[in-house]
Amino acid sequence: MTAPIPLRRTRRTAEESSASSRASGAFGRDGWVRFVLLLLSRAYLTVMATLAIIALLPVLCGWRPMVILSGSMEPTISVGDLVLLSDLPPGETYGEGLVVAFDAVDADGAPIIKMHRIAESVDGGFITQGDANRDPDSGIRTEDDLHGAGRLLVPFIGLPAYWIGRDPLALVAWILGTLVTMVLAFPTPSRPRRAEHAAVAALTVAAITAGLASPSAQAYAAFSVRTTTSATWSAAALPAIAIGRADPFSLLAATSVTDGVLSFTDVDGSVGATPGTTISNFSILDRYASLERNTSAARNAMADARTLATALEARKATPRTGTLTGRVTPGTYSWTTLSASGSITVDAGGDPSARFVFIANSLTVANGTHVELAGGATSANIFWRIRGNATLNTSSLRGTLLADGAISASTTTVVGRLVSFNSSITAGRYLISRP
């Protein structure tokens with residue numbers, strides 16, 4: 001005769017079975033979703049810890065850390081990177097190609113420390129220049145001005161320091177994200193699983209290996225060896241950004257430049273067309289320097305403008321999406337389709353040589369858009385490289401606009417110049433002053 005199963009045991013068995021089912025489901029304690037989140041969170045913390053260790057060990061040996069706050073050395077060094085400095089070993093001297101930190105002043109005259117490359121050795125010192133800057137820094141640096149040479153670059157690790165006082169929302173988001181990651185990475189202890197632990201260990205080893213083998217860990221040679229070969233970071237590897245013989249021109253197009261009738265256009269530079277010769281509706285009521293219909297000056301200006309466009313395209317660009325508005329830091333940015341609206345503030349962060357490059361297949365500037373300068377930024381260092389057409393509604397724009405296609409505008413105020421390589425420029429009224 002079979003003994004009856006106690007009700008309490010049956011209920012307990014059912015509860016244990018239900019709990020086991022919940023724990024082993026996709027979103028349960030032992031489910032695959034939690035397992036993936038565990039791997040990703042531990043990988044993130046491992047990479048961050050590896051970068052921190054790479055940055056900390058040289059500091060313990062006397063090297064000095066420096067967080068990069070501007071984009072004047074892009075693409076070699078980006079905003080938020082940490083560069084470790086040291087004095088040169090005995091027997092070595094400062095020379096062309098070395099990346100150095102030195103005392104300087106910002107646009108308001110306040111003392112700052114810059115990190116640029118030695119572009120040339122001259123009597124009495126050195127001329128320095130940012131890799132992303134068109135022109136050398138003003139003045140000559142001596143060894144007494146230098147804080148050391150860059151020896152090691154650790155990417156991204158200085159971003160929290162950069163966000164302090166500049167982007168507090170990004171800082172808060174990073175802190176919260178890191179806290180959430182730590183919670184996911186170290187859950188309440190449960191029964192060990194060999195496969196899980198083996199995968200975590202393998203991923204940790206891979207992350208540490210990748211960190212130690214990354215370019216940042218090998219940056220010593222790139223900073224220390226003078227950049228005379230293609231194997232090192234050389235400022236000469238990128239073509240210089242210069243307006244050249246296009247500087248006297250405010251408007252330059254391949255086919256035609258058309259003004260509005262009785263528009264009282266005010267252009268302080270020359271108006272040119274080449275190889276076309278059509279320049280229409282400019283009268284004695286308008287102000288302009290000269291009309292250049294396929295002249296040698298127009299041809300030379302077009303040639304140098306094309307060289308400038310090529311130099312801009314050679315820069316490594318950071319992909320962007322959405323509308324261009326708000327505050328912009330130095331750098332080269334690219335869109336598929338670029339729309340600009342509202343107030344756009346280009347902030348050089350105290351570096352008057354900082355450059356801003358916007359690259360897109362097309363450009364539309366909305367009504368009421370205006371570009372403002374901050375932190376020592378200049379209109380001469382703002383460039384719009386458009387591979388198609390550009391439409392400028394009633395707005396205020398700064399910088400040199402280089403378009404492959406047509407440029408059409410209403411009443412647009414520009415501190416800069418407009419160039420169309422393969423088409424025309426048309427506006428109801430031009431108000432253009434060269435930077």
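On a predicted model such as this, the values are computed, not experimentally measured, just so you know.
S341 places no side-chain N or O within 3.5 Å of a backbone atom of T369 that could act as its donor or acceptor partner. The closest donor-acceptor contact from the side chain of D81 to the backbone of S78 lies under 3.5 Å. Not a single donor-acceptor pair under 3.5 Å links the side chain of R398 to the backbone N or O of S379. Using modelled atom types, no side-chain atom of T332 and backbone atom of A317 make a donor-acceptor pair closer than 3.5 Å. With hydrogens and angles disregarded, no donor-acceptor distance shorter than 3.5 Å links the side chain of R141 to the backbone of I118. With hydrogens and angles disregarded, a donor-acceptor distance shorter than 3.5 Å links the side chain of R117 to the backbone of G97. Between the side chain of S353 and the backbone N or O of D351 there is no donor-acceptor pair closer than 3.5 Å.
Summarising the geometry of P65 relative to L82, their closest heavy-atom pair is CB-CD1, 3.9 Å, with the distance given to 0.1 Å. Shortest non-hydrogen contact noted between V79 and G71 is CG2-N, 3.7 Å. The heavy-atom pair separating S86 from R151 by the smallest distance is OG-NH1, 2.5 Å. In terms of heavy atoms, T378 sits closest to I382 at O-CG1, 3.5 Å. M73 and G130 get closest at one heavy-atom pair: SD-CA, 3.7 Å. When all heavy atoms of A377 and A348 are compared, the pair lying nearest together is N-CB, 3.5 Å.
A distance of 9.5 Å separates CZ of R320 from OG of S334, quoted to the nearest 0.5 Å. The structure places CZ of F249 at 5.0 Å from OG of S270, a figure rounded to the nearest 0.5 Å. The structure places CG of L252 at 7.0 Å from CD1 of I425, a figure rounded to the nearest 0.5 Å. Rounding to the nearest 0.5 Å gives a distance of 5.0 Å between OH of Y94 and CG of D87. Taking CD1 from I113 and NE2 from H147, the interatomic distance works out to 4.0 Å, rounded to the nearest 0.5 Å. The NZ atom of K114 sits 10.5 Å away from the CE atom of M66 when rounded to the nearest 0.5 Å.
With contacts defined as side-chain heavy-atom distances shorter than 4.5 Å, the pair D304/L308 does not qualify. Between M115 and L85 there is a side-chain heavy-atom pair separated by less than 4.5 Å. Looking at heavy atoms from C-beta onward, I432 lies out of side-chain contact with V415 at the 4.5 angstrom threshold. For the pair Y430/L251, a side-chain contact is recorded, criterion being any heavy-atom separation below 4.5 Å from C-beta on. By the 4.5 Å heavy-atom criterion applied to side chains, T325 and S343 are not counted as neighbours. Put simply, the side chain of W335 does not reach to within 4.5 Å of the side chain of I359, judged on heavy atoms. Between R387 and E313, the closest side-chain pair of non-hydrogen atoms falls below 4.5 Å. Annotation: side chain of V357 is not in contact with side chain of Y333 (no heavy-atom distance under 4.5 Å).
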Inset, instruction - Kindly indicate, with the supporting measurements, whether the criterion side chain to side chain donor-acceptor pair (under 3.5 Å) is fulfilled by R417 and S250. - result: CA-CA 4 Å; R417 55 184 58 82; S250 295; over 6 Å; no

Inset, instruction - Any chance you could lay out the side chain to side chain donor-acceptor pair (under 3.5 Å) test for D268 and S433, step after step, and finish with the verdict? - result: CA-CA 5 Å; D268 72 350; S433 57; 5.1 Å; no

Inset, instruction - Apply side chain to side chain donor-acceptor pair (under 3.5 Å) to T336 and N361, showing your working. - result: CA-CA 5 Å; T336 300; N361 293 333; 5.0 Å; no

Inset, instruction - Decide side chain to side chain donor-acceptor pair (under 3.5 Å) for H116 and S72; before the verdict, give the C-alpha distance in whole Å, the side-chain angles of both, and the deciding distance to 0.1 Å. - result: CA-CA 8 Å; H116 284 171; S72 61; 2.8 Å; yes

Legend entry - Candidate pair V271 and F282, rule side-chain contact (heavy atoms from CB on, under 4.5 Å), full reasoning: CA-CA 9 Å; V271 179; F282 286 84; 4.0 Å; yes

Inset, instruction - Go through the steps to decide whether L324 and L338 satisfy the test side-chain contact (heavy atoms from CB on, under 4.5 Å), and finish with yes or no. - result: CA-CA 7 Å; L324 174 61; L338 174 56; 3.7 Å; yes

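For R385 and D404, the salt-bridge test passes: some basic side-chain N is under 4.0 Å from an acidic carboxylate O. Salt bridge annotation for R429-D286: absent, with no cationic side-chain nitrogen under 4.0 angstrom from a carboxylate oxygen. Residues D247 and R434 are paired through a salt bridge, judged by an N-O separation under 4.0 Å between the basic side chain and the carboxylate.
The aromatic rings of F358 and W384 are tilted relative to each other, their planes meeting at an angle between 30° and 60°.
I407 pairs with exactly one of N389, L402, L401 by the side chain to side chain contact (heavy atoms under 4.5 Å, CB included) rule, that one being L401. A side chain to side chain donor-acceptor pair (under 3.5 Å) with T295 is found for exactly one of E292, R293, R299, namely E292.
When only modelled atom types and interatomic distance are considered, T76 and D131 share a side-chain donor-acceptor pair under 3.5 Å. In this structure, a donor-acceptor pair under 3.5 Å is absent between the side chains of D347 and T345. Residues T394 and S410 have side chains that bring a donor and an acceptor to within less than 3.5 angstrom of each other. Side-chain contact check for T364 and S339: no donor-acceptor pair (N or O, by modelled atom type) lies under 3.5 Å.
Heavy-atom contacts from other residues, nucleotides or ligands closer than 6.0 Å to CZ of F156 number 12 or fewer.
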